[in-house]
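Here is how names work: the chains are called A, B, and so on, in the same order as the sequence lines, proteins then strands, and each is numbered from 1.
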Amino acid sequence: MSITYLEAIREAQAHALRDDPRVFIYGQDVGAFGGAFKATKNLAREFPGRVLDSPISEDAMVGLAVGAAIEGLRPIIEMQFADFSTVGFNQIVNQAATLFWRTQVSCPITVRLPFGGTSGSGPFHSQSLEAIYAHYPGLIVLTPATVEDAYSMLLAAVAIDDPVIFCEHKLLYYHLKSEKLPSEALPVGKARIAREGRDLTIVTYSAMVHEALAAAAELATEGWEIEVVDLRSIKPLDTDTVIASVARTGRLLCVGEAWPWGGVTAEVVARVTAEGYGLLDAPPQRLNAKDTPVPYHPNLWAAHRPTSRSVAAAARNLLRT
Amino acid sequence: MSITYLEAIREAQAHALRDDPRVFIYGQDVGAFGGAFKATKNLAREFPGRVLDSPISEDAMVGLAVGAAIEGLRPIIEMQFADFSTVGFNQIVNQAATLFWRTQVSCPITVRLPFGGTSGSGPFHSQSLEAIYAHYPGLIVLTPATVEDAYSMLLAAVAIDDPVIFCEHKLLYYHLKSEKLPSEALPVGKARIAREGRDLTIVTYSAMVHEALAAAAELATEGWEIEVVDLRSIKPLDTDTVIASVARTGRLLCVGEAWPWGGVTAEVVARVTAEGYGLLDAPPQRLNAKDTPVPYHPNLWAAHRPTSRSVAAAARNLLRT
Amino acid sequence: MLHTVSGPGSAGHVGSTAAAPLVAYRIMLRARLLDDKFAALSRAGKIHGGVFLGRGQEALSVAVGVSLDKSDVFAPLIRDAAGRLAFGEPLIDAVRTYLGSALGPMRGRDGNVHRGYPREGLLPMISHLGAMVSVVNGVLFARRMKGITGCVGVACLGEGATSTGAFHEALNQAAVEKLPLILVVANNQFAYSTPNSRQFACASLADKAVGYGVESHSVDGTDFAGCLETLSSAVNRARTGHGPQLVVANLLRLCGHGEHDDAHYIPTEIKNSPLGRDCLKVAEKFLLEHNYVGADMFIGWRNEAIREIEAAVAQVLREAAPDPFAEEWTAISSKYLMEGHAS
Amino acid sequence: MLHTVSGPGSAGHVGSTAAAPLVAYRIMLRARLLDDKFAALSRAGKIHGGVFLGRGQEALSVAVGVSLDKSDVFAPLIRDAAGRLAFGEPLIDAVRTYLGSALGPMRGRDGNVHRGYPREGLLPMISHLGAMVSVVNGVLFARRMKGITGCVGVACLGEGATSTGAFHEALNQAAVEKLPLILVVANNQFAYSTPNSRQFACASLADKAVGYGVESHSVDGTDFAGCLETLSSAVNRARTGHGPQLVVANLLRLCGHGEHDDAHYIPTEIKNSPLGRDCLKVAEKFLLEHNYVGADMFIGWRNEAIREIEAAVAQVLREAAPDPFAEEWTAISSKYLMEGHAS
Ligand SMILES: Cc1ncc(C[n+]2csc(CCOP(=O)(O)OP(=O)(O)O)c2C)c(N)n1
Ligand SMILES: Cc1ncc(C[n+]2csc(CCOP(=O)(O)OP(=O)(O)O)c2C)c(N)n1
Ligand SMILES: [Mg+2]
Ligand SMILES: [Mg+2]
């Protein structure tokens, strides 16, 4: 057997629906159709009345989820693409994210965001919005990079009492495969050493973990041992694991697929320099996407985002400093 | 004569309406009423048909502005509070911000965001959203800290061919005063040395400039010379001026009123450490608001945001490192 | 599509008991006096931030509250002191929230009209207009999913809020899901200073109902009995499975948008029109004319309410303010997921 | 409130000249064949990303395009190849955008249906449904402010997009401003896979008009002549100062949501119902029956269109792809405000 990242997401939802009567799924085309990406395939049939098509009303979709969460349910909202969450934005950041703080009533909703660039998808079906959500207090932002994490972290997300923004990378949906679903997992909030090394630490998350691993493999042929830290969760962000890695390597490169101003890479650098300054042997560096919308054409797209190549090049530069 | 920060904003709009027939103002209650804060007082009367009340439709307000900009006009949109821009969010970040990149037709709109905390305003009338907008490509984000800058930068904003998010701090509206309006100004995109010093650089913007200056004054009595850099514009961000200051002082403290995850302070630290690492004599530090919504009660509010006191304390710590 | 219109004088006795109008009136009176007190405290500088009153809108608001059961859901807006009291919100909660007492439901974190107990069905509003409607939908949706039947939910809005996308999405959602939502629009002719002519272009906001496939009700919001009757009937329709109900009441707020606002923009003609009637006076007249009560009772009730309010204020003024050092300064409930490092 | 309903057979000759239906038909045919070509290119793996066709919706779409002048404003949506051609979009633009040519209007930055020339009144859509309507409002608003009169603007939407807040805010805004907006809703019964029963609960989407205070028109979207007549009349009403017009057409898309979708969820009964008629065939029948043309002409026009399309594709396939090294990689037009430091 082999299971994809996307199937893992489907399985996690099936699992959650099966084990927890409080769970339901609401989103455009998630019912009989099984969702634009088939992440809810067959679930409407297997769990009648608990997987429901919504109107094209992202604001009301999230609002309904908050109301249901108040009543003790555990809604999973599927945004058809992360990019469309901008029209459900207010309910996420002002209604869901503030509820517990205002009222001491928790708001266990999971908002699934199929995100990130894929070739030919263009500026409105490719966005990486994790930093936008992480900036707001009251949200948990998860960014699984592996099939195992997609599964276990989505299950965890549904169990978490707070609103979770679950960023699932569309590029990983079909081609990332694993032999089986995990029975154990690192807790949410812990980063993972995806590859050990002692010369330089690359901190990254989601699809970029795979670019970083490829870069590390390439650099290994040149004699460098690159450590790759997969953040898994960008809020909370596991600064301890990052700093421990930098303590071993002395060099930090942060890689993200999102836009360059602010975001995960800036936050990681700011934390490491504040708390682990003495550990650094060279200036910490960042590599992000370019500061434009995500282009449609594959040639442009490939140049817009970091790739194993540009990651390796940035790492080489930093190793030479 | 003496003129407040708020009056400067009104005067800049009057000036723009007078000098440029392409300018109009659209927003809730901006017409005969003159706006919730009176930033458009009398303008509807002075410029008939060019200062118009909108329905409570932030999405459509911004959409209309984009359409008008396409036709060559220069709309100023007043959000009643920055916090409500979350419901006009999509049109700002996906329509306005991408137009030029997509079509080579520029989008000269100015979105005025009365932002920032004031005592008793609570979680939905106090937000600082500059980092949210700065993360998106295609937007200019301005954060004037002085009466002079409020005036000259708003005039500049209207003249800029790109969408400008103009963050005007409500706390400065009434009590910040100046003798007269400026006839000259630093260009947009240039930071300003608000106070010179050689022991430590505080980089900040908007209302926090005044907290930083107060902290610097306090620390001066202890013998420290603190340099305060007022960013003025957070996108573009004037890294050169910041790094030049750090080159003089060797110490960097970034202060912001926004939430701690990501944001301006992280971006500044990440840039300085990447490009000016060797200039630092101590780990750069940040001071932000706490990671919760902005509280209503004055006691809580005062503890939520940085103040001259907490800025001074953070600076003292850093000076001792 | 059912459409009812109720105007002045169209209603007789309403409610489950003959005493219902009396109950409603006494709550209106308490709400009015409570609002007056907040206005006074505001002038005295005792309240931080905005003060938003329901003056002139108490008949509509109380009608909502008395039409609901404790097990229903209610999302009041800024002018619903009367509806809140009728729904069962303790008067002292309002005082504590306005004065920022640490003992209030919002513990000083939020203020004035932003209060409630979500689990008890009293939803605390966020400021973004229209945003509460879909949350009410969610509560009703969840209850249906849990097999709880017979309850309804009310969301209150001003006419200005009908221009928000959130209103539209939520009303449509309720219609698609056939939820027992009653959406109550207080058309007080102005949204802050913005007159209806700059807010919408339909003849009546009730005309929106057919475009959503929901039932509608129009009522003169200054008419005490009409409001009681209309809300009771709308709530009843929703409760008995007829889907969402849109209630539109025409009235005027007899105060500024907030206490900082003198409402100079409201033309005298409108103030002097039937819209400008004080629903409290209308209620008193109604009660007298229908022999519910003698005029002598009113003053007693008023004094009683004032005593209650003064006692609450005196008590709350002695209560502790929130202590920043005792705050946890976290917005999430999962302690194990708190960020230890950001600053 | 004007409300017109036009059904099959209700229309005779339309347009400013007697040849108008012929012009419209030939554009529909070109659009259909162009779509067919994109489908073929997609199957051949020559197109990156989604391919969205207007099959079955050409009559409505072309009716929009031919009703407009060059100086009007048009915000087409994903199924408007016909309307675009009629409005004057060069056919090669569609090909260039789908194939990502550097010479296309979007220069490879955006693809497929996301193309246009804002300054020429052809607004390039963003994906967020409903978001273009207020932009059309803005253009119309600005023209009025500049003293330009007599022009109108069309925004096209699917019925699913009527559930967005953006649709609501913009239609209301147009009504308040009395803008000459024609909002054309193609009710093709499905939004992607979602049937109308999960999208809205009103009897007809045209029922929404009264709630905005705008005029409405309903038409059988498979009826060629009815579409021409209805759009011409709606555009005319808008142009002559009667404010926003809501046009609702009932039809079916005769393809998947995109070319990746086999539309298995559309029940055979609907496909076999009058909604499932092919408007192109209906148009041909109409032209024959009304003696506009003999049957022999169709094949010639078809071949001509195919030649045109093949030539365009052959040309574009030889054109350069965008070069990442030649890109400026900035999203702002003010060079002096570019960020030099972020990475
Ligand atoms: C989305 C949004 N935009 C703007 C505001 C600012 N605002 C608060 S109350 C108000 C006027 C509301 O008018 P209406 O809905 O008619 O209610 P009323 O005050 O008349 O009771 C406005 C514009 C807001 N709260 N939410
Ligand atoms: C705000 C928003 N949410 C979701 C989507 C994803 N999406 C693209 S097309 C579509 C269905 C549109 O249906 P309809 O409006 O009926 O148009 P049709 O495709 O039937 O022509 C959806 C849900 C989107 N583009 N925008
Ligand atoms: Mg109102
Ligand atoms: Mg459709």
Can you say whether the rings of B:Tyr136 and B:Phe89 are parallel (under 30°), tilted (30 to 60°) or perpendicular (over 60°)? perpendicular
Below 4.5 Å from any heavy atom of chain B, which atoms of A:Gln91 appear? Answer side chain, backbone, both or neither. neither
Please determine, among B:Val269, B:Thr321, B:Thr273, B:Asp83, the option with the most heavy-atom pairs under 4.5 Å with chain A. B:Thr273
Please name all residues satisfying side-chain contact (heavy atoms from CB on, under 4.5 Å) with A:Ala36, sequence neighbours left out, ordered by chain then number. A:Gln80, D:Tyr192
Quick one: CG on A:Leu279 to OG on A:Ser245, what's the gap to the nearest 0.5 Å? 10.5 Å
Portion of A:Val294 that has a non-hydrogen atom of chain B nearer than 4.5 angstrom: backbone
Which atoms of A:Leu129 come close to chain B, meaning under 4.5 Å heavy atom to heavy atom: side chain ones, backbone ones, both, or neither? side chain
Looking at A:Gly88, A:Ala97, A:Ala134, which makes the most heavy-atom pairs under 4.5 Å with chain B? A:Ala134
So, do B:Thr86 and B:Ile132 sit near enough that their side-chain heavy atoms are less than 4.5 Å apart? no
Options A:Gly276, A:Gly278, A:Ala270, ranked by heavy-atom pairs under 4.5 Å with chain B, top entry: A:Ala270
In terms of heavy-atom pairs under 4.5 Å with chain B, which of A:Pro295, A:Ala258, A:Pro123 leads? A:Pro295
Let's test your reading of the structure: which of B:Val268, B:Val272, B:Thr98, B:Val87 forms the most heavy-atom pairs below 4.5 Å with chain A? B:Thr98
Using a cut-off of under 4.5 Å on heavy-atom pairs, state which of B:Ala266, B:Pro284, B:Pro283 scores highest against chain A. B:Pro283
Go through the side-chain N and O atoms of A:Gln127 and B:Asn94 and say whether any donor and acceptor fall under 3.5 Å apart. yes
Contact origin within A:Trp259 toward chain B - heavy atom pairs under 4.5 Å: both
In terms of heavy-atom proximity below 4.5 Å to chain B, should A:Val93 be classed as side chain, backbone, both, or neither? side chain
In this structure, is the centre-to-centre distance between the rings of B:Tyr277 and A:Tyr277 below 6.0 Å? yes
Going by distance alone, is a donor N or O of one side chain under 3.5 Å from an acceptor N or O of the other, for A:Ser126 and A:Ser121? no
Provide the closest heavy-atom pair for B:Ile56 versus B:Gln28 in the form atom of the first, atom of the second, distance. CA-NE2, 3.5 Å
Under the salt bridge (charged side-chain N to carboxylate O under 4.0 Å, His left out) test, residues paired with B:Glu130 that sit two or more places apart: none
Any idea which of B:Gly138, B:Cys254, B:Ala282 has the most non-hydrogen atom pairs under 4.5 angstrom with chain A? B:Ala282
May I ask you to name which of B:Gly262, B:Gly263, B:Pro293 has the most heavy-atom pairs under 4.5 Å with chain A? B:Pro293
